Amino acid sequence: MCGKNVAEQPKLAVGALAYDTRTDAVGVVMDTGAVVDGRYSLRPPGGGVEWTAVRSDVRPATVADQLRPALAEANTRSRKGGSAWGA
């Protein structure tokens, strides 16, 4: 989303799932108060360490964004000889 005016970026509400293009990570919006300085506070959906993302690097998370980490983990397991389905 680089090159877009900050005013053109979608505004995300607290609790919304967002995708940080800089870190290639999905996070839950924890704080929009930092939007004043052009940043969001995000936290991994399952909990973890919060991070700050520049507003121009953040967009609403798609279903594909949400599934990508689980798919990567399943692919890693299958390459190591484990079952991708946990059996």
Side-chain angles (χ1 to χ4, degrees):
M1 289 228 158
C2 295
K4 277 195 167 186
N5 184 331
V6 171
E8 296 175 22
Q9 300 294 338
K11 293 180 182 175
L12 299 170
V14 171
L17 281 176
Y19 179 73
D20 181 353
T21 60
R22 185 182 57 80
T23 61
D24 192 31
V26 173
V28 177
V29 177
M30 301 304 293
D31 185 14
T32 60
V35 172
V36 173
D37 71 353
R39 297 180 182 272
Y40 283 109
S41 292
L42 303 173
R43 177 172 289 165
V49 178
E50 203 168 291
W51 77 95
T52 303
V54 177
R55 187 174 176 189
S56 62
D57 291 338
V58 176
R59 62 171 169 74
T62 64
V63 172
D65 296 330
Q66 296 170 52
L67 294 175
R68 190 174 295 119
L71 179 60
E73 182 180 331
N75 286 338
T76 298
R77 278 196 312 264
S78 69
R79 281 192 292 272
K80 292 180 178 179
S83 171
W85 305 109

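Numbers for residues simply follow the sequence, beginning at 1. Every value quoted in this text rests on a predicted model; they were computed, and no experiment measured them.
- Under the 4.5 Å side-chain criterion, counting only non-hydrogen atoms from C-beta, Val58 is not in contact with Arg55.
- No single ILVMFWY cluster, assembled from side-chain heavy atoms under 4.5 Å apart, contains both Leu42 and Val26.
- Contact between Trp51 and Gly27 at its shortest, heavy atoms only, is CH2-CA, 3.8 Å.
- Remark: Asp24 CG to Asp57 CG distance equals 12.0 Å, nearest 0.5 Å.
- Remark: side-chain polar atoms of Arg59 are not paired, donor with acceptor, to backbone N or O of Tyr19 under 3.5 angstrom.
- Taking CZ of Arg39 as the start and OG of Ser56 as the end, the distance is 9.5 Å to the nearest 0.5 Å.
- Between Ala61 and Gln66, the shortest heavy-atom contact is O-NE2, 3.8 Å.
- Looking at Thr62 and Asp65, their side chains do bring a donor and an acceptor atom within 3.5 Å of each other.
- For the atom pair Arg43 CZ and Met30 CE, the distance stands at 4.5 Å (nearest 0.5 Å).
- The side-chain heavy atoms of Leu17 and Val28, taken from C-beta on, include a pair separated by under 4.5 Å.
- The line from OH of Tyr40 to CG of Leu12 is 4.0 Å long, rounded to the nearest 0.5 Å.
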